[in-house]
2 protein chains.
Amino acid sequence: MRTYDQFCAAARALDVVGDRWTLLIVRELLIRDGARYTDLQYGLPGIATNLLANRLRELEEHGIVTREAAPPPVATTLFRLTPRGEALKPVLMALGEWGGPLLETASGEFRSHWLVLPLERRLQDHRPEAPPVTIELHTGDQPLLIETDHGRVHVRPGTVATPDATLRGSPPLILGVLGGDLDLTAACAQGLDFEGDPDAVRRVARPAVAESQTAE
Amino acid sequence: MRTYDQFCAAARALDVVGDRWTLLIVRELLIRDGARYTDLQYGLPGIATNLLANRLRELEEHGIVTREAAPPPVATTLFRLTPRGEALKPVLMALGEWGGPLLETASGEFRSHWLVLPLERRLQDHRPEAPPVTIELHTGDQPLLIETDHGRVHVRPGTVATPDATLRGSPPLILGVLGGDLDLTAACAQGLDFEGDPDAVRRVARPAVAESQTAE
DNA sequence: CGGCATCCTCTTTGATACTG
DNA sequence: CAGTATCAAAGAGGATGCCG
């Protein structure tokens, strides 16, 4: 990117991460630190491969990403964020916060791991002393697993033998229920497929704000 | 901008404000809400005039900016942020926070009003009950005025007849002193021109973190 | 003067094919 | 798997002109 060449911290930041696709590459690496080139391509539908290669090189030059060549047996390259790269998380979160209202419709491409950051932001274990619970989400390309961990809640791709609850449905329904914008029964009426213990969901979901009845 | 077309809040946000110059236009309007076209051009050195016009139209279409035609006597147009536009402030602040370390050198264009947001973020009135103080900053194209107001601190372009203190010097020096990264005497040794009451500066500046001796 | 629109050039992006 | 090479299309930059 042509530099703005301004003595302004925000402009300097945009000089580095303001290029098209750049912040979305950082998003991918925030969700799954240690990603292969093809993982990134999969998580960034539509990106041209030369652009991905260029951006990764620029991010490396700016000290945001490191390239880690795994030893010969596996022979693959892993891309990771440096601490400086991880420091971009507040930027992505602020953008996500602002962009939330634009998500009314579930159009376009979707990868279920994109829910990891927004869900971790919304979820909280309201009964940290109780035994841990696990919830499986099925919405998109691969299942997600929610796990409580001493008050914190972790979200990652994965499954477990006997989850306490399982949710299947469109991303807005899942996000609505867990984000506290949609009642569980209302979501089921709108097509959510729910199995297991409703209390497991209530335990981690953000409390409802009031009368809201529509998916985010 | 070609849309990313992803069901991801951050990607949706970038669909709207990810274009080149867009967030810097928002920055200008966050600093001085109610700006004329030429004010924006002045605050965005290097922008092509057609680009500014296009971006303003897009921002208007997205409900981020409103255009207010002043009545015939003055015959000028004022651009303002909507609440939705003001909601972008956390995004700009997060970018600024991350970009701060890139400001080591005072190269490139500079407009003193660009200091308003970073300064308001750093400053705090540590003695709210004491009578208000004013500090003038001279560093760039126009003087800035810092005013305490019942615990809050406001920064705006302007001057006052008898400020409690006056700082003249390069932007990094000013930012270093007020941000708590640079001792006042050290800054004077590096070329800061200081007049008035040092306590006025200490009252609003962010406390030093420890041993730091270099400008940010 | 303030607020653009037009025209032209140059750079960046996108799409696809191909390679060690 | 992790890219490079190539080429067409879109966008940005810069100059200038227009109109109330």
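Just so it is clear: chains get the letters A, B, ... in the order the sequence lines come, proteins before strands, and each one is counted from 1.
Counting only residues at least two apart or on different chains, no ring pair (Phe, Tyr, Trp, His ring centres under 6.0 Å) pair has a member in residues 132-168 of chain B. Applying the ring pair (Phe, Tyr, Trp, His ring centres under 6.0 Å) definition to pairs two or more places apart or across chains, those involving residues 85-119 of chain B are A:F7-B:F110.
Checked against salt bridge (charged side-chain N to carboxylate O under 4.0 Å, His left out), A:R206 has no partners two or more places apart in sequence or in another chain. Residues satisfying the salt bridge (charged side-chain N to carboxylate O under 4.0 Å, His left out) test with A:R2, not counting sequence neighbours, are none. Considering only residues two or more places apart in sequence or on other chains, B:Y4 meets the ring-ring contact (aromatic ring centres under 6.0 Å, His included) condition with A:W21. B:R84 meets the salt bridge (charged side-chain N to carboxylate O under 4.0 Å, His left out) test with no other residue; sequence neighbours excluded. Evaluation of the side chain to side chain donor-acceptor pair (under 3.5 Å) rule for B:R203 yields B:D125 as partners, not counting sequence neighbours.
Counting to the nearest Å, the P atom of C:dT12 and the CZ atom of B:R2 are 18 Å from each other. Summarising the geometry, the separation between CG on B:L51 and C1' on C:dC10 is reported as 14 Å, rounded to the nearest angstrom.
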Report each atom pair, protein N/O against N/O of nucleotides 4-8 of chain C, whose distance is under 3.5 angstrom.
| from | atom 1 | to | atom 2 | distance (Å) |
| --- | --- | --- | --- | --- |
| C:dC4 | OP1 | B:R67 | NH1 | 3.3 |
| C:dC4 | OP2 | B:R67 | NH1 | 2.7 |

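Of the residues in residues 9-36 of chain A, those lying under 4.0 Å from DNA chain C by heavy-atom distance are A:D19, A:R20, A:W21.
Taking 4.0 Å as the cut-off between side-chain N and carboxylate O, B:E97 and B:R121 count as a salt-bridged pair. Between A:E136 and A:R168 there is no salt bridge, since no side-chain N of the basic residue sits under 4.0 Å from a carboxylate O of the acidic one.
Atoms CD and CG, on B:E28 and B:D39 in that order, are 9.0 Å from each other to the nearest 0.5 Å. Put simply, CG on B:L24 and CG on B:L30 are 11.0 Å apart, with the number rounded to the nearest 0.5 Å.
Two residues are said to be in side-chain contact when any heavy atoms from C-beta on lie closer than 4.5 Å; A:L175 and A:D181 fail this criterion.
Contacts between chain A and DNA chain D, taken as any atom within less than 4.0 angstrom of a protein heavy atom, begin and end at D:dC1 to D:dG14.
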Validation: residues 41-49 of chain A side-chain donor-acceptor distances under 3.5 Å, sequence neighbours left out:
| from | atom 1 | to | atom 2 | distance (Å) |
| --- | --- | --- | --- | --- |
| A:Y42 | OH | A:D141 | OD2 | 2.5 |
| A:T49 | OG1 | A:Y37 | OH | 2.8 |

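Remark on the helix from C:dC1-D:dG20 to C:dG20-D:dC1: inter-end axis angle 30°, axes from five-pair C1' superpositions, rounded to 10°.
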